[in-house]
Amino acid sequence: MLIDRLAFAGLRNLEMLDVTPSPGINLIVGRNGSGKTSLLEGLFILGMGRSFRTRQLRHAIAHDKEEMTLFARLGGEPPVPIGVRRARHAAELELRMGGERVSRLAKLIEALPLQLVNPDAFRLLEGAPAGRREFLDWGVFHVKHDFYDAWRRAKRALKHRNALLRHGRMDANNLAVWEQELAAWGGRVDELRREWIASFIPVFEETLGSLIDLPDLTLRYSRGWDKQRSLREVLEQGRATDQQMGFTQNGPQRADLRIRLGRRPAVEVLSRGQQKLVVSALKLAQGRLLERTTGHGCLYLVDDLPAELDAEHRRVFCRLLETMRCQAFITSVEHDALAGSWKSRTPIAMFHVKQGVSGAGQLVPRAQIDFTTE
Ligand SMILES: Nc1ncnc2c1ncn2[C@@H]1O[C@H](COP(=O)(O)OP(=O)(O)O)[C@@H](O)[C@H]1O
Ligand SMILES: [Mg+2]
């Protein structure tokens, strides 16, 4: 699951790049505006099919280009090439894997599990439940193989139920069919989420403990409907009010993760810096659990680490990454802020994003410029 070759063309300001990353830590150094975040964005698009910077992928295409193509080769026996292409006027992202077109994004997501740690990451705590649900489902998806199918069926049933609720004259038979479907698959989604969270919590607590001392911090899963009743009952009994509202008010689509310090929501009590550490622990724990349960490493994209964590926590964060068998791309403006944090046996590559006269960023192995002491 490690990327052993990376080739991008037509992505933001990055000039054609074709590099051989390290299987361990890849440090990306360059001035503001040189293209560091764009490099992480490219990797994120490859693994997630969307950007973390823009809702519209065409904004990521270089201004003077008609399309972008992003390619990575996943090492292994045999290696698996994955690629995405997006033309400026195309409606969709074209996905390829192992030399063939694939229609399901889930294939790519499965092949390249990744976690992003960037300046927006603390929003995981203070933002809407959707972000935490996505975090939760990422974990369940990668660890529980029948999750995707159950989740897809539940989502489809919910869509149909909501459409019927909004419809003036409700077709009772039709509604019963979708309700039954939603109750069955939504129930399964909840079961798998519960199993996953039970194994996630100890890994999270262990990881958090090495980053920061917050013994009163708790993480709890809330499933999105009454604990005492089955989803079927909840849907049946809520039908009238759901119809008034025009949508299904309770169900797996309302699940959340509750992060508290004592009895209060953690965001209300923790400093921004502490929130960043909690989020870092959540994200590192995802990769650790994935590795422990599946043997597959997770790709970490860390944007501007020195701005995120102070020197001491940066060291602990780097140490934790080193203990995992993961590949990481870490950016920084300052070369010195990252160079000293690693053990000598950790494989490290350093790249410099250099802006040429054309304003385009070029990725150059740092060793070829002035890096001599690695
Ligand atoms: N679609 C685009 N085409 C060309 N250049 C772009 C595009 N979008 C952004 N840029 C430019 O790319 C540069 C790289 O930005 P960014 O990756 O955020 O740099 P860094 O993270 O190194 O500070 C910026 O100067 C920005 O103006
Ligand atoms: Mg940046």
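Along the sequence shown, residues carry numbers from 1. Counting convention: from 1, in listed order, for ligands and their atoms alike.
- Between the side chain of Trp178 and the main chain of Leu182, no donor-acceptor pair closer than 3.5 Å is present.
- For atom 12 (O) of ligand 1, the choice among Asn13, Thr37, Val333, Leu40 with the nearest heavy atom turns out to be Asn13.
- Not less than 6.0 angstrom separates the ring centroid of Phe147 from the ring centroid of Phe141.
- A salt bridge links Arg232 with Glu236; the closest basic N to acidic carboxylate O contact falls under 4.0 Å.
- Using a cutoff of 4.0 Å between basic side-chain nitrogens and carboxylate oxygens, Glu41 and Arg12 are scored as salt-bridged.
- Near His59, with a cut-off below 4.0 Å to any heavy atom, the atoms of ligand 1 are 1 (N).
- Judged by distance alone, the side chain of Trp185 and the main-chain N or O of Asp149 form no donor-acceptor pair under 3.5 Å.
- Residue contact check: Asn32 has heavy atoms under 4.0 Å from atoms 23 (O) of ligand 1.
- With a heavy-atom cut-off of 4.0 Å, Lys65 does not touch ligand 1 at all.
- Salt bridge annotation for Asp256-Arg133: absent, with no cationic side-chain nitrogen under 4.0 angstrom from a carboxylate oxygen.
- Arg53 counts as a contact of ligand 1, since one of its heavy atoms falls under 4.0 Å from the ligand.
- For Asp303, no heavy-atom contact with ligand 1 is shorter than 4.0 Å.
- Near Arg31, the atoms of ligand 1 lying under 4.0 angstrom from a non-hydrogen atom of the residue are 22 (O).
- Among residues at least two apart or in separate chains, salt bridge (Lys or Arg N to Asp or Glu O under 4.0 Å) pairs with a member in residues 173-185 are Arg161-Glu179, Glu179-Arg239.
- Residue Gly33 has at least one N or O atom closer than 3.5 Å to an N or O atom of ligand 1.
- Contact check on Arg123 versus Asp120 returns a salt bridge, with a Lys/Arg side-chain nitrogen under 4.0 Å from an Asp/Glu carboxylate oxygen.
- Distances between N or O atoms of Gly35 and those of ligand 1 include at least one value under 3.5 Å.
- Contact check on Arg288 versus Glu291 returns no salt bridge, with no Lys/Arg side-chain nitrogen under 4.0 Å from an Asp/Glu carboxylate oxygen.
- Taking every non-hydrogen atom of Ser34 and a distance limit under 4.0 Å, the qualifying atoms of ligand 1 come out as 19 (O), 20 (P), 22 (O).
- The N/O atoms of Lys36, backbone and side chain alike, include one that comes under 3.5 Å of an N/O atom in ligand 1.
- Using a 4.0 Å cut-off to heavy atoms of Ser38, the atoms of ligand 1 that qualify are 14 (C), 15 (O), 16 (P), 17 (O).
- Geometrically, Arg258 does not engage Tyr221 in a cation-pi contact defined by less than 6.0 Å to the ring centre and at most 45° from the axis.
- Using a 4.0 Å heavy-atom cutoff, Glu41 is absent from the residues neighbouring ligand 1.
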TODO: Just do the side chain to side chain contact (heavy atoms under 4.5 Å, CB included) check on Ser38 and Asn13 with the steps written out, would you?
DONE: CA-CA 8 Å; Ser38 304; Asn13 75 323; 4.0 Å; yes

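- Close contacts of ligand 1 with Ile61, meaning ligand atoms under 4.0 Å from a residue heavy atom, involve 1 (N), 2 (C), 3 (N).
- In summary, Asp190 and Arg194 engage in a salt bridge, as defined by a charged side-chain N under 4.0 Å from a carboxylate O.
- The pair Arg188-Asp146 counts as a salt bridge, with a side-chain nitrogen and a carboxylate oxygen less than 4.0 angstrom apart.
- Protein nitrogen, oxygen and sulfur atoms, that is N, O or S, within less than 2.8 Å of the Mg ion (ligand 2) amount to 1.
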